[in-house]
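Working notes, structure below.
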Amino acid sequence: MSALDQPWLHDLVTVLSAPTVVLSESSGQIRGAGAQGVLHADIRVLSRAVLEVGGAEPAPVSGGITGARTAEFISVPRALGDDIVDPTVRVERSRTVWSGEVRERIRLCSFADAGADTELAVTVAADMAGLTDIKTGRAGAAGAVAPAVAGAPVMAVVAARGAELTWGNGTVRVTLTAPGAAISSAAGGAAVLRWPVRLAGRGSREFSWRLTVSDPAAAVVAAPAPEAWTAVRTLADDPRLASLVEQSLADAEALLMVVPQASRDVFLAAGAPWYFTLFGRDSIWAARMLLPFGWQLAAGTLRALATFQGRRLDPDTAEAPGKIPHELRRGGSVNYSTIDATPLWVCLLHDAWRWGMPDNAVRALLPALRAGLECIREYGDSDGDGLLEYNDTSGHGMSNQGWKDSGDSIRFAGGRIASAPVALCEVQGYAYEAALHGADLLDAFGEPGAGQWRDWASRIAGVFRASFWVADAKGSYPALALDGEKRAVDSLTSNIGHLLGTGLLTRAEEALVADRLAADEMVSGFGLRTMSSLNGGYNPLSYHCGSVWSHDTAIVIRGLFRSGHGAKAASLADGLLAAAGAFGWRLPELFSGDGETSWPTPYPASCRPQAWAAAAAGALVQALLGLDVDMPAGTVRVQPPGVRIGGAGARLHVDGLVAGAETFSAGVDESGLAYLQGCSLRQKSD
């Protein structure tokens, strides 16, 4: 199958509660086409749920999400009701998702003078397709309702009133109950739920069905006690930030998961529907950007990933001692094809400590910290030149192992694809920061060896400065990467923004990077392009060569803030907020980098919601408040950039911020002055 067969997601309505997600048409109908269906973990347990009234599908009128877990759809059965132009009967379809459960309520509501007799029917089917087959377009369009037990009938009607269907595949068991429905078989192994309806004039009738899933072999399961971030409240003269924060935290809550091996260590699944599992860099970055709302998610993410930290050398999976994994899948399969998850894990541990993760919890992870640092130095730098590089030696792994992991993402300015092994610019920044911050943690906890990591960081900085800087007619900037011949891959990309705030660059170098990122060739108006529009490989609808990624823009906003370029951070934040509004406040994984339209163009296969896209709201809050917490030093800083965005006033107030055991508020008043409320930490000003 061609990669072009990957199903598109941009026009689907998605509701979820990890690890269960429902994707439907905007009408609410689920037809099994593309990615449509109910997916639990990585199995499609229901591929079809098509509603008819009186033998015909009602005409869709409106529909969409009302929360992360809920959606509403309204349609009109045009053959019912009074014989006038106006619709007088409508169908209200409400869908709610919980972990392992989908509930649907169907209400027929009449405003007609006369009553009517009709039939409500829902045709269901299940293909039990795996996620890989769905994503590559190999799954069927519908599929039979499969028996739950070998030799059992296709359908098992338990009771005439309270009908029940059961089916399954391997250890996965699915049950669908439909109170009051009669169930019959249909073509292709489908089943039909039928309710006779006597609808009185100006009356209503309500029906429902419920699907539950049991999947004891799932690699990931629902978090035992989802963290709701209920204390978070955002008020601002520019209302866009409040809308984004509300939807983003609702989506993040719906993505909370654990692995059975560490059932109390909560993390964010990377995204729906393709990445509903533990991902190294995705889960780390999401937790890192959400630190203003609490360190607990970071602590759970750190421990969950440490559970799978590498113990041996295995070229087949790219495992190495101390390495943080890339991805966990069904059957316990662990993929380690990542160059950046290990240094990012170290950076997250340091940041969580600064935001108040308890000392005993940090100390318990120091062995994993040491193993991670050793892995970065011993196994990340394969040729001993002082830089981290990757190369897939298995022949079936990922050709690119940074966050831009598509096969064509690492290109020269002229468009030519770089050859492996590849040393990415941002990974050197991550490694530098990890070495210094790992050393700080060792010192803080009285552990030996900090000096060697500071020396190693100094070596990285020297080699980077000698190897990565290139220039064009507009000046100097860091190259995207070095290729297998140690040639600088000279395209101008968003990757250089990840260097900001890591400490690898001097203040003057950071200013050069900030200026290049603020240029028209990089800024689309709705966020930061992944590649300059002037480069040969640029394509605004490519996955990594010109599109805008929500998390990428947010990371650069965070870096601009950390490096003292608050005005540029605020400008990018304004664009990302404009994009968020166009997408109904649920930021997608990525969207087009085309700046020629008045609205952002969707990338059709983009996940939505996605963990680090949702977490972007945390980075925006931190940057617009100028917020930084240092619990070990007992200080907090609120230093907003002083730039008004969106043409609104300066006022911004955020409740539910967390430092250690304290929940506090911070804000900016109408004159632009910052303030703190309910925080005992000493306020720091730079």
If you take all heavy atoms of [X] and [Y], which pair is closest and at what distance?
X: Ser550; Y: Pro588; result: OG-O, 2.7 Å
X: Ala287; Y: Ala298; result: CB-CA, 3.8 Å
X: Ala435; Y: Leu373; result: CA-CD2, 4.2 Å
X: Ala617; Y: Leu244; result: CB-CG, 4.1 Å
X: Cys347; Y: Tyr430; result: SG-O, 3.8 Å
X: Cys375; Y: Gly322; result: CB-C, 3.7 Å

Does [X] reach the main-chain N or O of [Y] with its side chain, forming a donor-acceptor pair under 3.5 Å?
X: Asn391; Y: Thr393; value: no
X: Trp355; Y: Phe293; value: no
X: Asn400; Y: Ser406; value: yes
X: Gln29; Y: Leu51; value: yes
X: Ser606; Y: Leu590; value: yes
X: Thr530; Y: His544; value: yes
X: Ser47; Y: Asp127; value: yes
X: Thr317; Y: Asn335; value: no
X: Gln428; Y: Leu388; value: yes
X: Glu164; Y: Leu176; value: no

> Going through the distances and angles, do Ser24 and Arg31 end up as a side chain to side chain donor-acceptor pair (under 3.5 Å)?
Replying inline: CA-CA 8 Å; Ser24 73; Arg31 302 187 193 277; over 6 Å; no
Assess the pair [X] and [Y]: is the distance between their ring centroids shorter than 6.0 Å?
X: Trp285; Y: Trp403; answer: no
X: Phe279; Y: Trp612; answer: no
X: His10; Y: Tyr603; answer: no
X: Phe308; Y: Tyr336; answer: no
X: Trp353; Y: His437; answer: no

> For the side-chain contact (heavy atoms from CB on, under 4.5 Å) test, which of Leu290, Thr301, Asp282 pairs with Leu268?
Replying inline: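 Passing option: Leu290.
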>> Here's a test for you: under side-chain contact (heavy atoms from CB on, under 4.5 Å), which of Val174, Val102, Thr212, Thr20 qualifies with His40?
In response: Thr20
In Å and rounded to the nearest 0.5 Å, what is the [atom1] to [atom2] distance from [X] to [Y]?
X: Lys323; Y: Leu305; atom1: NZ; atom2: CG; answer: 13.5 Å
X: Arg103; Y: Thr70; atom1: CZ; atom2: OG1; answer: 14.0 Å
X: Ser17; Y: Leu256; atom1: OG; atom2: CG; answer: 9.0 Å
X: Leu302; Y: Ile284; atom1: CG; atom2: CD1; answer: 7.5 Å
X: Thr342; Y: Arg377; atom1: OG1; atom2: CZ; answer: 14.5 Å
X: Ile557; Y: Leu620; atom1: CD1; atom2: CG; answer: 4.5 Å

Do the non-hydrogen side-chain atoms of [X] and [Y] ever get within less than 4.5 Å of each other?
X: Ile324; Y: Gln309; answer: yes
X: Arg95; Y: Phe73; answer: yes
X: Arg281; Y: His326; answer: yes
X: Trp274; Y: Gln6; answer: yes
X: Leu23; Y: Leu9; answer: yes
X: Ile555; Y: His551; answer: yes
X: Tyr379; Y: Pro321; answer: yes
X: Ser494; Y: Trp549; answer: no

> Can you name the side-chain hydrogen bond (donor to acceptor under 3.5 Å, both in side chains) partners of Ser27, sequence neighbours left out?
Replying inline: Glu25
>> Taking side-chain hydrogen bond (donor to acceptor under 3.5 Å, both in side chains) as the definition, give me every residue that meets it alongside Asp381, ordered by chain and number, with sequence neighbours left out.
In response: none
>> Please determine whether a side-chain nitrogen of the Lys or Arg among Asp215 and Arg330 lies less than 4.0 Å from a carboxylate oxygen of the Asp or Glu.
In response: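 Yes, this pair counts.
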>> Set out, in order, the CA-CA distance, both residues' side-chain angles and the distance that settles side chain to side chain donor-acceptor pair (under 3.5 Å) for Gln401 and Asp405, then state yes or no.
In response: CA-CA 5 Å; Gln401 298 181 13; Asp405 55 7; over 6 Å; no
> Between Arg288 and Arg558, is a side chain to side chain contact (heavy atoms under 4.5 Å, CB included) present by the stated rule, with each step listed?
Replying inline: CA-CA 11 Å; Arg288 203 176 186 193; Arg558 179 180 180 273; 3.3 Å; yes
>> Please evaluate residues Glu104 and Ser208 with respect to the criterion side chain to side chain donor-acceptor pair (under 3.5 Å), reporting the C-alpha separation (whole Å), side-chain torsions for both, the decisive distance (0.1 Å), and the verdict.
In response: CA-CA 6 Å; Glu104 190 160 287; Ser208 66; over 6 Å; no
> Given the rule in the side chain to side chain contact (heavy atoms under 4.5 Å, CB included) test, do Glu319 and Arg311 qualify, once you have shown the distances and angles that lead to the verdict?
Replying inline: CA-CA 8 Å; Glu319 182 179 0; Arg311 293 175 173 81; 4.2 Å; yes
> With respect to Asp251, which candidate in Gln610, Arg69, Arg586, Arg608 satisfies the side chain to side chain donor-acceptor pair (under 3.5 Å) definition?
Replying inline: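 Answer to the side chain to side chain donor-acceptor pair (under 3.5 Å) test with Asp251 among Gln610, Arg69, Arg586, Arg608: Arg586.
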> Which is it for Val213 and Thr175 under the side chain to side chain contact (heavy atoms under 4.5 Å, CB included) test, yes or no, and what are the steps along the way?
Replying inline: CA-CA 7 Å; Val213 186; Thr175 301; over 6 Å; no
>> Applying side chain to side chain contact (heavy atoms under 4.5 Å, CB included) to Leu365 and Arg370, what does each step give before you reach the verdict?
In response: CA-CA 9 Å; Leu365 289 171; Arg370 286 188 174 279; over 6 Å; no
>> Using side chain to side chain donor-acceptor pair (under 3.5 Å), reason through Ser94 and Glu72 one step at a time and then give a plain yes or no.
In response: CA-CA 5 Å; Ser94 303; Glu72 301 277 348; 2.6 Å; yes
